[in-house]
Colleague: 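Provided herewith is a single structure, encoded as structure tokens, for subsequent inquiry.
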Amino acid sequence: MHAEDLPPDALRQRADYYQRIGSRHMTPLWEVLGALVPPHPRSPAAPHLWRYAELREQVLEAGRLISAEEAERRVLILENPALRGQSCITQSLYAGLQLILPGEVAPAHRHTQSALRLVLDGEGAYSAVDGERTTMRRGDFIITPSWTWHDHGNLGDQPVVWLDGLDIPIVRFLDAGFAERSEQRSQAPLRPEGDALARYGANMLPLDYQPRPMDPTRVFVYPFERTKAALVGISSGTPDAHHGFKLRYVNPATGASPMPTTGAFAQRLPAGFETKPVRCTDGTVHVCLEGEGEVRVGDRTWRFQESDVFVVPSWHALQLRADRDAVLFSFSDRPVQQALGLWREERQ
Ligand code: GTQ
């Protein structure tokens, strides 16, 4: 029986009751149960695509209005159109476009939020993580694990732009955020560039290194050159019908995701290849690194080209087509969902 079919008296009694318990900070489950425990995810987030040409123009304008030093981080937040004001691109993830101009420094700080960077544009910048610098090159995937000191600088003569991905909404949800600024503007290098990659990223590990299962990787840069070589290297096989040639980034010491809250992926779609629709419970941010094509999310369709960013909310069917050989980077909260036994994928 629907509530509307009740006699007016019964309806009034209920409304009255709800009012009385409401004033005591209680509310009836039966009015909200369907929304609280839905038959499948109904994300409040919307699919969206940001064109890089527009993003670049807008972030360069920010470069004329405020310095990296004053801003601390000169970033335009990519806000999901259906979640405005919440600084998030999916319910669990934050994304932003960061600009650093020649000669600038984004000063050293650390926070419990984990960050990733995907370098999009320009040469000559570095990111320093716990005392080691890495030169930022297009397509490089760089991580800043929770509570590691980090600063960025631009020693070159071009503006450098990258995409930031952080677990800010997850940490906010858990009320577990801490942050502090360093007294040093930029960290003095403690080790030469490439040290971490040599120690932890060459299919070998230091003799006395015993990582715990959830430790973030000590490899803090995944150079695009290596990613591209891996994707090309697996391309003689048959592409997966739903994902093309796709790999996940890992902590090479454990096989787990690079950081506990964020999974990252790279995929290659040969020209003309179209994926079958697939949906998964992790809302995912994608970046086109090479090529161009079309993306379909539910009933929305966009063309994508280099450096465009698009978001696919939880349980929205995704279909991709490459019109030129395409390489896509993506990230999501998949490791969190998998650790909790919640992650699902449906291949259609
Ligand atoms: O580069 O440390 O987009 O702390 C947001 C918060 C970047 C960073 C962001 C941050 C950073």
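Predicted, not measured: the structure shown is a model, and the values here were computed from it. Atoms within each ligand, like the ligands themselves, are counted from 1 in listed order. Residue numbers run from 1 in the order of the sequence given.
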Colleague: Among Leu120, Ile77, Val75, which one satisfies side chain to side chain contact (heavy atoms under 4.5 Å, CB included) with Leu97?
Modeller: Leu120
Colleague: Mind checking what residues have non-hydrogen atoms under 4.0 angstrom from ligand 1?
Modeller: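 Within 4.0 Å of ligand 1, the protein residues are Arg73, Val75, Tyr94, Gln98, His109, His111, Arg117, His150, His152, Asp164, Leu166.
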Colleague: Carefully, step by step, assess Glu123 and Arg138 under the rule salt bridge (charged side-chain N to carboxylate O under 4.0 Å, His left out).
Modeller: CA-CA 8 Å; Glu123 277 174 23; Arg138 180 173 166 78; over 6 Å; no
Colleague: Relative to the ring of Tyr249, is the ring of Tyr222 parallel (under 30°), tilted (30 to 60°) or perpendicular (over 60°)?
Modeller: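 Ring orientation, 0 to 90° scale: perpendicular.
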Colleague: Give the table of side-chain donor-acceptor pairs shorter than 3.5 Å for residues 44-58, with sequence neighbours excluded, one pair per line with atom names and distance.
Modeller:
| unit_1 | atom_1 | unit_2 | atom_2 | d |
| --- | --- | --- | --- | --- |
| Arg51 | NH1 | Arg303 | O | 3.3 |
| Tyr52 | OH | Asp121 | OD2 | 2.8 |
| Arg56 | NH1 | Asp121 | OD2 | 2.7 |

Colleague: Between Asp9 and Gln13, does the side-chain hydrogen bond (donor to acceptor under 3.5 Å, both in side chains) criterion hold? Intermediate values first, please.
Modeller: CA-CA 6 Å; Asp9 236 25; Gln13 274 181 0; 5.2 Å; no
Colleague: Does the cation-pi check pass for Arg133 over Tyr126, that is, NZ or CZ under 6.0 Å from the six-membered ring centre and within 45° of its axis?
Modeller: yes
